[in-house]
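Whatever order the structure lists ligands and atoms in, that order sets their numbers, starting from 1. What you are looking at is a predicted structure, and each value in this text was computed from that prediction instead of being measured. For the single chain, residues carry numbers from 1 onward in sequence order.
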Amino acid sequence: MSAYISENIRMLLGDMPEGTELVAVSKFHLAGALREAYDAGQRVFGESRALELEAKAKELPSDIIWHFIGHLQTNKVRKVVAYADVIQSVDSSRLLETIDSEACKAERRIGVLLQVHVAREETKFGFSPDELSAYVTKDLIASLKSVDILGVMGMASNVDDEDRIRSDFRAIRHCFLNLKAEIFADDPKFSILSMGMSHDWHIAVSEGSNMIRVGTSIFGEREY
Ligand SMILES: *Cc1c(COP(=O)(O)O)cnc(C)c1O
């Protein structure tokens with residue numbers, strides 16, 4: 001087996017500021033590639049499709065922490081809740097309610113991140129900053145039985161303009177800090193700001209990200 005995956009992880013970890021968590025985005029890569037990352041010490045992996053998550057979770061070691069990062073339809077929630085520890089891509093009230101009820105039935109606790117949409121193109125998924133602040137209340141949190149809201153996830157516009165990327169990350173961070181101050185001030189679990197992918201994570205961490213989701217720079221290009 002080639003050593004490039006472990007080398008890529010080693011280099012990334014060396015570059016990342018202390019206190020930043022790496023989610024190795026392994027979607028579309030075969031279990032052997034994940035195994036190589038696992039053997040290099042990586043334990044947190046990100047997947048974006050329910051069936052692929054299930055297959056890999058069954059095949060790979062049980063101490064892997066799986067983050068679900070793709071758009072999730074409510075009819076796939078049960079499958080994802082069975083394997084994921086964290087669902088980063090919560091983009092609607094209906095999805096959050098479904099995750100809570102399925103997690104409750106499965107007797108699992110699931111961490112979630114609320115996805116904020118600020119980028120102009122790319123995915124349209126996610127709450128706008130205004131929707132998010134209207135939606136997240138102390139009553140909402142009190143109503144959740146099996147879900148912990150751990151923070152916020154977002155993506156910057158897919159552009160070369162660094163200023164634009166930076167201002168998108170700032171807008172996402174602003175949402176995180178607002179919620180932290182207004183709703184989660186007494187909740188230390190609400191602590192994750194997940195921003196940054198292979199091409200923009202340096203900018204993301206300079207704008208306060210403490211969790212980056214990196215696929216291509218670890219595993220190479222995906223073949224869809
Ligand atoms: C695929 C994906 C990533 C990783 O992207 P790379 O450019 O390969 O690092 C990160 N976050 C989300 C939400 C993704 O869907």
Side-chain angles (χ1 to χ4, degrees), residues 4-16 20-30 33-34 36-37 40 42 44-53 56 64-73 76 80 83-92 95-96 99 111-128 132 150-162 164-165 168-169 171-173 175-176 192-224:
Y4 78 96
I5 291 175
S6 54
E7 180 61 15
N8 289 343
I9 290 175
R10 200 187 59 75
M11 285 194 312
L12 256 173
L13 293 175
D15 279 356
M16 285 162 51
T20 316
E21 175 114 52
L22 173 62
V23 178
V25 175
S26 48
K27 62 188 185 195
F28 294 90
H29 292 284
L30 298 175
L34 282 75
E36 195 175 322
Q42 181 66 25
V44 185
F45 290 85
E47 289 287 337
S48 62
R49 296 186 301 180
L51 289 171
E52 189 176 340
L53 167 65
K56 286 173 176 171
I64 288 179
I65 296 163
W66 296 101
H67 285 219
F68 193 85
I69 62 168
H71 178 61
L72 180 54
Q73 290 163 315
K76 302 272 176 60
V80 169
Y83 300 101
D85 300 281
V86 176
I87 299 175
Q88 293 210 6
S89 40
V90 173
D91 57 6
S92 73
L95 178 58
L96 186 60
I99 293 168
V112 303
L113 305 183
L114 301 169
Q115 183 171 352
V116 188
H117 175 68
V118 297
R120 247 175 234 161
E121 76 295 270
E122 285 295 286
T123 171
K124 290 175 192 65
F125 298 122
F127 296 94
S128 73
L132 193 67
L150 304 179
V152 164
M153 182 273 264
M155 277 176 265
S157 302
N158 188 15
V159 294
D160 289 328
D161 177 5
E162 188 178 320
R164 171 74 214 206
I165 296 171
D168 285 349
F169 284 143
I172 298 163
R173 177 163 185 254
C175 290
F176 170 77
I192 298 177
L193 178 54
S194 172
M195 310 192 294
M197 313 171 26
S198 291
H199 67 284
D200 60 14
W201 71 262
H202 283 97
I203 306 171
V205 296
S206 77
E207 294 299 335
S209 170
N210 57 23
M211 177 174 283
I212 64 175
R213 311 175 309 272
V214 177
T216 309
S217 296
I218 295 174
F219 297 106
E221 295 290 337
R222 289 178 287 275
E223 285 175 37
Y224 290 102

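- Every residue meeting the side-chain contact (heavy atoms from CB on, under 4.5 Å) condition with Arg10, not counting sequence neighbours, appears here in chain and number order: Glu7.
- Asp160 CG: 12 or fewer foreign heavy atoms inside a 6.0 Å radius.
- Checking side-chain atoms of Ser89 against main-chain N and O of His71 turns up no donor-acceptor pair under 3.5 Å.
- Protein residues having at least one heavy atom under 4.0 Å from any atom of ligand 1 are Val25, Lys27, Ile69, Met155, Met197, Ser198, Arg213, Val214, Gly215, Thr216, Arg222, listed by chain and number.
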Worked check of side chain to side chain contact (heavy atoms under 4.5 Å, CB included) between Phe219 and Glu36: CA-CA 10 Å; Phe219 297 106; Glu36 195 175 322; over 6 Å; no
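- Using modelled atom types, one finds no donor on one side chain facing an acceptor on the other under 3.5 Å when comparing Glu221 with Thr216.
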- request: I would like to know whether Met155 and Arg213 meet side chain to side chain contact (heavy atoms under 4.5 Å, CB included); could you show each step before the answer?
  value: CA-CA 10 Å; Met155 277 176 265; Arg213 311 175 309 272; 3.4 Å; yes
